[in-house]
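Atoms within each ligand, like the ligands themselves, are counted from 1 in listed order.
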Amino acid sequence: MPASSVTIDRKDPRFDTLKTGHNLRFPANDAEAASRILICSNTAETAEALQRIVSSGIRPTVRSGGHCYEDFVSNNPNGAIIDLSLHNTVDAGPTGSPFRIAPGASLGEVYQVLYKRAGVTIPAGTCATVGAGGHISGGGYGLLSRLHGLTVDWITGIDILTVDSKGKVIERRVDKLHDPDLFRACRGAGGGNFGIITNFLFDKLPTAPREVAEATLTFPWATMTEEKFIKLLALFGDYWEGRAKDPDTWGLSVVMVMGPNNNPNGRIGMHVQFCNPDGTASNLSVLQEFFQRFAEFDSTQSGPSAPGSTTSTQRTTPAGSPNDPYQIVRRPWLEATLAGGGSGGGIRAKYKSAYMKKTFTSAESSAIYKYLTSPQIDSHGSVLAIDGYGGATNISDRAHDTAMPQRSSIMKLQWQCYWRDPEQDAGRLKFMDDFFTAVYTGSHVSSDHQGTPYGERYEGCYMNYPDADMLRYSYWPQLYYGAGDLYPLLQRVKKQYDPNNIFHSSMSVRA
Ligand SMILES: Cc1cc2nc3c(=O)[nH]c(=O)nc-3n(C[C@H](O)[C@H](O)[C@H](O)COP(=O)(O)OP(=O)(O)OC[C@H]3O[C@@H](n4cnc5c(N)ncnc54)[C@H](O)[C@@H]3O)c2cc1C
């Protein structure tokens, strides 16, 4: 039977729903929207759809889970969105034969199939609705990344469709022996650059933990002075800096989420998940020692809860000693992982990111304090999330065979802002930009790189959290890809495998 994707054009009642992804800021307006969406369910359909679109001289953009932060997919005037969300098979041989993840699979589907069929997992993100296609090709990370590295570190092959100089679609299987530079580029440089990935292949994957221990520690704004705030951030950062090379701590994953102080329920929260390297939560000394660091602060504790998660406590078991001041619960790893849920989308959003190699300076923390306590900050939709990082993500060899050069960082920061009214776009975007710029302005940043996390304390920004504001800096590629040989390699790959620059966006690799 000939391959046939489903085409949804502007007249189709499904068009308005499907023309946008997770972030309602895009398409920016009707003129920026694509003219059609092609829904593909397998590689043959995708190859045929891509050939048809390219032969018609139309620009394709590619969508898997639709969670892109910037305009790369949905702003495509008169173009075609090739939607792979139904190309979502996850294969996991019960005897450990190679694993295959198609790009449309959501992380929730991936976790379930890999776990139920083979007891393994990928060290990927917390949001179950994120798509494998963009997430993995952009270097996705998550709660198991300190323990097991990045998902791209485990990939052994990729199926990809490229378009040659004559406009012909070529199906390739790339690995470390076949088109090795393209293979490397697809492991972290970000989707939408070189072609359409139709499968990620893995010879082996890490065993999924049996259980995890979870807790949430919160610090009320009411008693948080600037002095205490600076100390809190320094203690948090010191931990990751000091334990970067201590494998016993690599099963500890903490995200510190800071909302504004003008929200009546405003809190600074640490959401903690832990397992020992053997995949159990039987020895909690690492977790207890982590909590002890913050004993001097006015805090409250509760069981598992992550922002946006639906928490089930039915299968939780109290853990730790009855004398512990902290409430820790143990629950099955799969249950905890699937509770990560998703933020649902359907909202306007802006994000920014930074990698940090060292703990916070007082200047950085003061700037963060100033903006989180500013009367201008939106009381509900603004958050700064700081992930403890390091551990297995920092195996330096992986900087040379993947496209993720950030292998010395101990924290990863994400600014998030959400709102509904398009009238608020300009104000929200400016506030976020000012906030971010202020944190990286001062004597802690070199004079040539003011306003950006670049230089000896930092490792730039994360391509899966792209921020078009960074385009104002001539060195934006180095922010995302480092100052070494990676970006020149990506430019060569772009020239060779996408000679007509078919796959491009505002932040794609420039040949
Ligand atoms: C609610 C939420 C939670 C998140 N949580 C995490 C997290 O825990 N960890 C983390 O690392 N990141 C996280 N992210 C960021 C996420 O990893 C990126 O947004 C990712 O790029 C989304 O992939 P996608 O397939 O869903 O998005 P899409 O919008 O479909 O794609 C994103 C980019 O990849 C390209 N692309 C998609 N599919 C393909 C393909 N098959 N071949 C080539 N290019 C392709 C697109 O063209 C686009 O440029 C989160 C994002 C959101 C919105």
Side-chain angles (χ1 to χ4, degrees), residues 20-24 26 34 37 40 43 46 50 59-76 79 81-85 87-88 101-108 110 122-145 150-152 158-162 182 185-186 188-200 253 255 306-309 337 340-347 349-351 353 383 385 387 389 393 404 406 412 414 416 418 462-467 498 502-509:
T20 190
H22 201 264
N23 188 347
L24 286 193
F26 311 112
I37 299 143
C40 304
T43 299
T46 311
L50 178 62
R59 175 191 174 209
T61 53
V62 188
R63 181 166 77 196
S64 288
H67 283 59
C68 189
Y69 284 178
E70 285 289 355
D71 67 353
F72 306 167
V73 180
S74 304
N75 271 17
N76 186 0
I81 297 175
I82 298 190
D83 181 307
L84 303 182
S85 53
H87 183 6
N88 57 0
I101 298 174
S106 67
L107 295 184
V110 173
I122 54 173
T126 47
C127 174
T129 57
V130 163
H135 181 73
I136 297 179
S137 57
Y141 78 106
L143 300 181
L144 292 180
S145 288
L150 304 176
T151 302
V152 292
I158 282 178
D159 291 334
I160 182 168
L161 304 169
T162 57
L182 177 59
C186 291
N193 268 306
F194 311 108
I196 303 185
I197 292 171
T198 54
N199 283 306
F200 299 98
S253 180
V255 55
S309 75
T337 299
S343 77
I347 200 157
K350 177 67 185 172
Y351 309 85
S353 67
V383 165
D387 281 297
Y389 202 64
T393 63
M404 291 297 288
Q406 295 90 356
K412 198 156 163 167
Q414 183 180 194
Q416 306 169 24
Y418 303 98
Y462 174 34
M463 198 22 112
N464 252 344
Y465 299 162
D467 172 13
D498 184 19
I502 301 281
F503 301 98
H504 64 91
S505 71
S506 53
M507 295 182 75
S508 55
V509 171

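Those atoms of ligand 1 that come under 4.0 Å of a heavy atom in C68, given as number and element, are 27 (O), 28 (P), 29 (O), 32 (C). When each atom of ligand 1 is checked for a heavy atom of G140 under 4.0 Å away, the hits are 11 (O). Within the listing of ligand 1, atoms 7 (C), 8 (O), 9 (N) sit less than 4.0 angstrom from a heavy atom of G125. The distance from ligand 1 to the heavy atoms of F72 drops below 4.0 Å at these ligand atoms: 49 (O). Shown in contact with L84 at under 4.0 Å from a heavy atom are these atoms of ligand 1, numbered in order with element: 41 (N). Distances below 4.0 Å separate heavy atoms of I196 from the following atoms of ligand 1: 42 (N).
Between H87, H67, Q414, it is H67 that holds the heavy atom closest to atom 19 (O) of ligand 1. When the heavy atoms of I158, N76, V62, N464 are ranked by distance to atom 46 (C) of ligand 1, first place goes to V62. When S85, G190, G134, S145 are checked for heavy-atom proximity to atom 37 (C) of ligand 1, G134 turns out nearest. Of the candidates S137, G133, G195, it is G195 that places a heavy atom closest to atom 43 (C) of ligand 1. Between the choices M463, K412, H135, R63, the shortest heavy-atom distance to atom 16 (C) of ligand 1 belongs to H135.
A side-chain N or O of H67 and one of T129 form a donor-acceptor pair less than 3.5 Å apart. Side-chain atoms of Y389 and D387 form no donor-acceptor pair, as typed in the model, at a separation below 3.5 Å.
A donor-acceptor contact shorter than 3.5 Å links the side chain of N464 to the backbone of H135. With hydrogens and angles ignored, the 3.5 Å screen pairs no side-chain donor or acceptor of H87 with any backbone N or O of A102. Although no hydrogens or angles enter the test, the distance criterion places a donor-acceptor pair under 3.5 Å between the side chain of Y462 and the main chain of G139. Under a 3.5 Å cut-off, the side chain of S106 and the backbone N or O of V130 do not form any donor-acceptor pair.
Proximity of V73 to ligand 1, defined as any heavy-atom pair under 4.0 Å, is confined to the side chain (atoms from C-beta onward). When heavy-atom distances to ligand 1 are checked against a 4.0 Å cut-off, F503 has no atom that comes that close, whether in backbone or side chain.
Between P103 and ligand 1, not a single N/O pair is under 3.5 Å apart. Close N/O approach between G65 and ligand 1 is found [any backbone or side-chain N/O within under 3.5 Å]. Between I197 and ligand 1, an N or O atom pair is found at a separation short of 3.5 Å.
At least one heavy atom of T126 lies less than 4.0 angstrom from ligand 1. Not a single heavy atom of G138 sits under 4.0 Å from any atom of ligand 1. Within the structure, ligand 1 has Y462 among the residues with a heavy atom less than 4.0 angstrom away. The shell of residues lying under 4.0 angstrom from ligand 1, judged by heavy atoms, excludes F194.
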Side chain to side chain contact (heavy atoms under 4.5 Å, CB included) assessment of N193 paired with D498: CA-CA 8 Å; N193 268 306; D498 184 19; over 6 Å; no
Stepwise side chain to side chain contact (heavy atoms under 4.5 Å, CB included) check, I136 with I122: CA-CA 10 Å; I136 297 179; I122 54 173; 4.3 Å; yes
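Summarising the geometry, atom CG belonging to L150 is positioned 6.0 Å from atom OG1 belonging to T393; distances are rounded to the nearest 0.5 Å. Taking CG of L50 as the start and CZ of F503 as the end, the distance is 4.5 Å to the nearest 0.5 Å. In this structure, I197 CD1 and T43 OG1 are separated by 11.5 Å, a value rounded to the nearest 0.5 Å. For the atom pair I81 CD1 and T20 OG1, the distance stands at 8.0 Å (nearest 0.5 Å).
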